[in-house]
Amino acid sequence: VAQSSSSTRNGWVELKGEFSYPGIYTIKPGDTILDVINRAGGFTPEAYPFGANFTRKSVATQQKLSFERSADFLEGAIADSLISGSVGNLTSDAFAPVSALIARLRELSPPGRQVVEINPLKLKSDPVLNLGLEDQDVIYVPPRKSTVAITGRVKTPGYYESSQTENIQDLINYSGGFSSHASNHIYLINNNYKNQRSDVLNSNELSNHLVYDGDSLHVPIFYSAEE
């Protein structure tokens, strides 16, 4: 996402959901997503930033304009077809579905959702992703659902949301993959059992194992025989 210029005057943004201190924050020209995340004290332990929703008033305006233009185009196409006679003897009922679509396009109020990056680590490492804020931007960070902790030699250790169909390899991929000196054996701790159970898995069999809420993965460091 290319960084856009923020407003030339002060404004406000609203932070909702799993921020340490959600609420409305005043912004000044040049403020970025990372700035306001830091002011809010970062995320709570239950935050799921990968599911964040960012909405912007100017984007909603552009989306609404796009819908209006689409409706105008469809109306013009129907009128041209009727005038030229290219549609034959079709009655007005034949255009009912298109007319309903045109009405729907004019009634829609788009939310102005924009895809942005809000992972603080990525925002720090790549300033291009650190979007400038505009007046009345809204950021919502939902809570995590089923979560798995990943620690050790992966590029981005942390908590990751998982679904019932995702396996260990999927979660390793979400974490950015293995980092340098990662062992080819991984520890899986199954916390969802009545009695906690752990397994040691080879890295070439990770796709064969599903993960469940509360599980933990640890990738130890690999030591060569020379070390």
Side-chain angles (χ1 to χ4, degrees), residues 1-3 15-22 32-54 113-131 139-193 195-225 227:
V1 178
Q3 185 168 355
L15 305 184
K16 303 165 66 176
E18 298 301 318
F19 290 93
S20 295
Y21 301 99
T32 65
I33 289 178
L34 185 58
D35 291 330
V36 76
I37 289 175
N38 290 335
R39 286 182 211 159
F43 305 127
T44 70
E46 301 302 318
Y48 184 59
F50 297 102
N53 187 320
F54 179 94
R113 183 169 185 178
Q114 182 173 343
V115 178
V116 299
E117 178 62 66
I118 69 164
N119 184 325
L121 293 177
K122 291 185 177 181
L123 296 178
K124 290 177 183 177
S125 62
D126 188 353
V128 174
L129 299 176
N130 194 15
L131 194 72
I139 306 175
Y140 168 69
V141 177
R144 289 184 284 112
K145 298 178 183 176
S146 296
T147 56
V148 174
I150 305 179
T151 59
R153 304 302 294 183
V154 292
K155 293 182 179 177
T156 313
Y159 287 91
Y160 290 84
E161 186 169 359
S162 65
S163 69
Q164 294 180 346
T165 60
E166 289 175 323
N167 56 54
I168 293 177
Q169 186 62 60
D170 293 327
L171 271 294
I172 295 295
N173 293 341
Y174 294 156
S175 70
F178 298 115
S179 61
S180 61
H181 303 294
S183 171
N184 60 356
H185 291 90
I186 295 175
Y187 297 106
L188 168 64
I189 302 171
N190 298 115
N191 291 308
N192 57 322
Y193 286 89
N195 295 314
Q196 189 181 71
R197 190 180 78 182
S198 61
D199 293 297
V200 180
L201 307 174
N202 193 288
S203 59
N204 61 12
E205 60 177 337
L206 301 183
S207 298
N208 300 327
H209 296 269
L210 298 178
V211 287
Y212 302 95
D213 185 29
D215 285 355
S216 300
L217 301 172
H218 179 72
V219 181
I221 190 171
F222 170 76
Y223 292 99
S224 65
E227 295 180 315

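Computed over heavy atoms, backbone and side chain alike; hydrogens, waters and symmetry mates excluded. Bear in mind that the values here come from a model prediction, so they are computed numbers and not experimental data.
In plain terms, the two heavy atoms of Val141 and Ala47 that are nearest each other are CG1-CB, 3.9 Å. The heavy-atom pair separating Glu161 from Glu166 by the smallest distance is O-OE1, 3.9 Å. Nearest heavy atoms, Ile168 versus Val211: CG1-CG1, 3.5 Å. Taking each heavy atom of Ser20 and Gly41 in turn, the nearest pair found is OG-O, 3.0 Å. Annotation for Asn130 and Leu34: closest pair OD1-N, 3.0 Å, computed over non-hydrogen atoms. In this structure, Ser175 and Tyr160 approach most closely via the heavy-atom pair CA-OH, 3.3 Å.
The environment of OH in Tyr48 is crowded: more than 12 heavy-atom neighbours from other residues, nucleotides or ligands sit within 6.0 Å.
Between the OG1 atom in Thr165 and the CG atom in Asp170 there is a gap of 7.5 Å [rounded to 0.5 Å]. Note that CG of Asp199 is 7.5 Å distant from NE2 of His209, once rounded to the nearest 0.5 Å. Atoms CG and NZ, from Asn38 and Lys124 in turn, are 6.5 Å apart once rounded to the nearest 0.5 Å. Note that CG of Leu129 and CD1 of Ile118 are 12.5 Å apart. Values are rounded to the nearest 0.5 Å. The CG atom of Asp35 lies 10.0 Å from the CD1 atom of Ile33; values are rounded to the nearest 0.5 Å.
In this structure, Phe54 and Gln114 have side chains that are in contact, with non-hydrogen atoms separated by less than 4.5 Å. Side-chain atoms of Val200 and Tyr187, non-hydrogen and from C-beta on, do get closer than 4.5 Å to each other. Contact of the His185 side chain with the Asn202 side chain is registered, since non-hydrogen atoms from C-beta on lie closer than 4.5 Å. For the pair Tyr174/Ile150, no side-chain contact is recorded, criterion being any heavy-atom separation below 4.5 Å from C-beta on. Contact check for Ile172 versus Val219: side-chain heavy atoms found under the 4.5 Å cut-off. Between Ile189 and His218 there is no side-chain heavy-atom pair separated by less than 4.5 Å. The shortest distance between side-chain heavy atoms of Asn184 and Phe222 does not fall below 4.5 Å. At least one side-chain heavy atom of Ile37 sits under 4.5 Å from a side-chain heavy atom of Phe43.
Asn53 places no side-chain N or O within donor-acceptor distance of the main-chain N or O of Tyr140, the cut-off being under 3.5 Å. A donor-acceptor distance shorter than 3.5 angstrom exists from the side chain of Asn167 to the backbone of Gln169, with no hydrogens or angles considered. At least one donor-acceptor pair under 3.5 Å links the side chain of Ser179 to the backbone N or O of Arg153.
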*Run the side-chain contact (heavy atoms from CB on, under 4.5 Å) check on Thr151 and Ser216 step by step: do they pass?*
CA-CA 8 Å; Thr151 59; Ser216 300; over 6 Å; no
